[in-house]
Amino acid sequence: MMRAFSVSFLRSNPLLLSHSSGNSAVVALDNHYYYNSSSSCCCCVFTSTFHVYAISHFSTNPNPFKPNSTFPYSSDPTHARLKQLLLEKSKTGFDKLDDALVLFDKMLHRKPLPSIFQFAQLLAALVKMKQYSVAVSVFRDICVKGIPVDIVTFNTAINCFCHLNRVDYAFSLLAGTIKRGFHPDVVTYTTLITGLISQDNPAEAQLLFTNLIRFKLIQPNVVTYNTIINGLYKRAHACTAVTLFRYMEKKGCQPDTVTYSTLIDCLCKLRLVDQALGLLHEMTKKGITPNVITYNSLIQGLCDFNRWQDVNQLLSEMNTRNISPNVRTFNILVDAYGKEGMINDVEDVIEFMIQRGQHPDVVTYSALMDGYCLRGEVDKALAVLETTMKKRGIVPTFVPIIF
DNA sequence: AAACCCGACT
C-alpha cells in the first residue's frame with residue numbers, strides 16, 4: 001500500500017504552530033430565567049420581551065463567593081494593565097469562564113468605571129469562548145448598572161441572540177437600538193442576516209438584504225456578501241452564490257480570503273475540487289492570501305478522491321507560505337487515511353501532530369477508532385477509547401444512530 | 001481601543 005503521509009518530508013519543514021486554547025467551562029445554554037425589569041435604566045427590549053436568556057454566573061463553581069479562578073492578576077490591576085489584558089483576551093478568550101466573570105466583577109467596582117470599550121472587549125472575549133448566554137447576561141448587567149452602551153455593544157448582544165437561535169429577540173433588540181437613538185449599521189444588519197440564514201430562513205434574509213439596498217440603509221460590505229454567499233451555497237443555490245460573487249466585484253466590493261475560502265469549501269463539497277484549486281490559483285494571483293481554513297477545505301476535497309500526492313503538494317505549499325496545519329488539518333488526514341484502511345499513515349499523523357504540540361481531540365480519536373473498526377480491529381478501537389482517551393482526559397461524545 | 005463572515009469525526 002502506498003505511503004501517503006510523508007512524515008519525513010514534513011519533519012524537514014519547520015512549521016509554525018499555533019496552540020489553540022481549550023475552554024473547559026461547561027454551561028447549559030438553555031438555563032434561562034425570568035427577569036422582571038422595574039429598573040428604568042434597563043434596556044427597554046428586556047421589558048418588552050420580559051424574558052431574558054441568562055446564566056447562573058458561577059454555574060461551574062459550587063461556591064460563588066470563592067471563585068474558581070487562578071487568573072494571574074493582582075487584586076486591583078492598574079488601568080493600563082486592565083486595558084492590555086482585555087485587549088489580549090478579546091482576541092483569544094479567557095481560559096476559564098470564571099476568569100472573565102471575576103474580572104467583570106472587578107470592573108464594576110472600579111472608580112471611575114472603565115469605559116464601554118473595555119466592557120465591549122470583555123463581551124468580545126465571551127463571544128470568542130462561545131459563551132453567548134453569559135454574554136447576554138453580562139450585557140444586561142451593563143445596562144442595569146447604567147453604563148452607557150453604544151452600537152457596538154448592542155451589535156454584540158444581537159449576535160449572541162442569533163447564536164442562541166433567538167432571532168426574534170435579536171430583532172427586538174434591533175428595535176431597542178433604534179429606540180435609544182442609535183443608528184444600526186452594516187454590522188447590525190449583517191448579523192441579523194446571518195441569524196436568519198442559520199434559522200433556515202434564507203427568503204427573509206434575502207428580503208432584508210434587498211430592502212437594505214433599496215432603502216439605502218446600509219452599503220453592504222465584504223462580510224455581508226460572504227455571509228450571504230455562504231448561506232446560499234449551503235442551501236444548494238450554487239448558481240446564485242456565484243452570481244453574487246461576481247456582482248460584488250462589479251459593485252466595487254473586493255472579495256477577500258473568507259469569500260474565496262467559502263467558495264472553495266462549497267466547490268469541494270460539490271466534488272468540484274479542480275474548480276476549487278482554480279479559485280486558489282485565482283486568489284493568489286490577485287494577492288489574496290489563503291489561510292489554514294482555505295487549505296483544510298482543499299485537503300478535504302482532495303482526500304475525497306484519494307489524491308494523496310496533491311494533498312502532500314498542498315501541505316508543502318502551506319509550508320512555503322508559513323501557514324501551520326492545525327488540529328483540523330490533521331483530523332482530515334486521520335479520517336481520510338482511516339477510511340482507506342491506511343492505518344499506518346493514521347498512526348504516523350497522530351504521532352506527528354503530538355510532536356508538533358497539536359493535541360489530538362475527540363474528533364481525532366473518533367476518526368482513529370473508526371479506522372480500526374473498518375479493518376475489523378475492534379479491540380484496538382476499544383483500547384483507544386478505554387486507554388488513550390482516558391489517559392488524555394478526552395471525553396467521548398455520543399451520536400445517536402438513526403436507522 | 002470594541003462588533004458581523006469560511007474548515008474536521010459519528
Side-chain angles (χ1 to χ4, degrees), chain A residues 80 82-84 86-91 114-128 135 139 149-160 162-163 170 177 184-195 197-198 218 220-231 233-234 255-269 276 290-301 303-304 325-336 338-339 346 349 360-371 373-374 394 396-402:
Chain A
L82 182 73
K83 272 174 80 171
Q84 187 206 340
L86 281 165
L87 181 64
E88 181 195 323
K89 297 299 175 191
S90 69
K91 293 187 170 64
S115 76
I116 191 62
F117 296 109
Q118 269 88 55
F119 286 107
Q121 283 173 323
L122 185 89
L123 285 174
L126 289 169
V127 171
K128 283 271 167 357
F139 171 74
V149 292
D150 62 3
I151 186 66
V152 173
T153 23
F154 262 109
N155 286 346
T156 309
I158 288 172
N159 181 38
C160 291
C162 288
H163 278 286
T177 312
D185 58 11
V186 63
V187 176
T188 322
Y189 288 114
T190 301
T191 307
L192 289 167
I193 289 172
T194 315
I197 289 175
S198 69
I218 53 152
N221 64 16
V222 65
V223 179
T224 319
Y225 283 109
N226 290 347
T227 301
I228 299 170
I229 287 172
N230 183 50
Y233 247 126
K234 292 281 147 68
D256 63 4
T257 304
V258 177
T259 322
Y260 274 99
S261 299
T262 306
L263 290 164
I264 283 170
D265 184 63
C266 294
L267 285 172
C268 287
K269 296 222 159 59
N291 60 18
V292 64
I293 299 176
T294 324
Y295 277 102
N296 285 351
S297 295
L298 284 163
I299 288 168
Q300 175 82 76
C303 283
D304 290 342
N326 58 15
V327 175
R328 287 194 185 215
T329 321
F330 292 120
N331 286 349
I332 292 164
L333 298 174
V334 166
D335 176 54
K339 285 200 168 49
V346 171
V349 172
D361 59 9
V362 66
V363 177
T364 322
Y365 288 121
S366 300
L368 172 66
M369 286 188 285
D370 198 39
C373 289
L374 286 170
I394 295 166
T397 52
F398 173 77
V399 178
I401 299 168
I402 300 155

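Sequence lines set the chain letters: A, B, ... in the order given, protein chains first and strands last, and positions in each chain run from 1. Fair warning: this is a prediction, and the values are worked out from it, not measured in the lab.
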May I ask you to say what [X] touches in the nucleic acid, namely base, sugar-phosphate or nothing, with a heavy-atom cut-off under 4.0 Å?
{"X": "Q118(A)", "value": "base"}
{"X": "V222(A)", "value": "nothing"}
{"X": "T262(A)", "value": "sugar-phosphate"}
{"X": "D361(A)", "value": "base"}

Original post:
Of all residues at least two apart in sequence or in a different chain, which pass the salt bridge (charged side-chain N to carboxylate O under 4.0 Å, His left out) check with K269(A)?
Top reply: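 Testing K269(A) for salt bridge (charged side-chain N to carboxylate O under 4.0 Å, His left out), a comparison that skips the adjacent residues, returns D265(A).
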**OP:** With sequence neighbours excluded, tell me which residues meet salt bridge (charged side-chain N to carboxylate O under 4.0 Å, His left out) with D370(A).
**Re:**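 K339(A).
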Partners passing side-chain hydrogen bond (donor to acceptor under 3.5 Å, both in side chains) against [X] (at least two apart in sequence or in another chain):
{"X": "N296(A)", "answer": "N326(A), T329(A)"}
{"X": "S366(A)", "answer": "none"}
{"X": "Y295(A)", "answer": "E317(A), R321(A)"}

Subject >> Terminal contacting nucleotides, 5' and 3', DNA chain B versus chain A (heavy atom, 4.0 Å) >> reply: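 Taking any atom under 4.0 Å from a heavy atom of chain A, the span is dA1(B) to dT10(B).
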**OP:** Verify the ring-centre separation between F139(A) and F154(A): is it less than 6.0 angstrom?
**Re:**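 F154(A) vs F139(A): aromatic centres under 6.0 Å.
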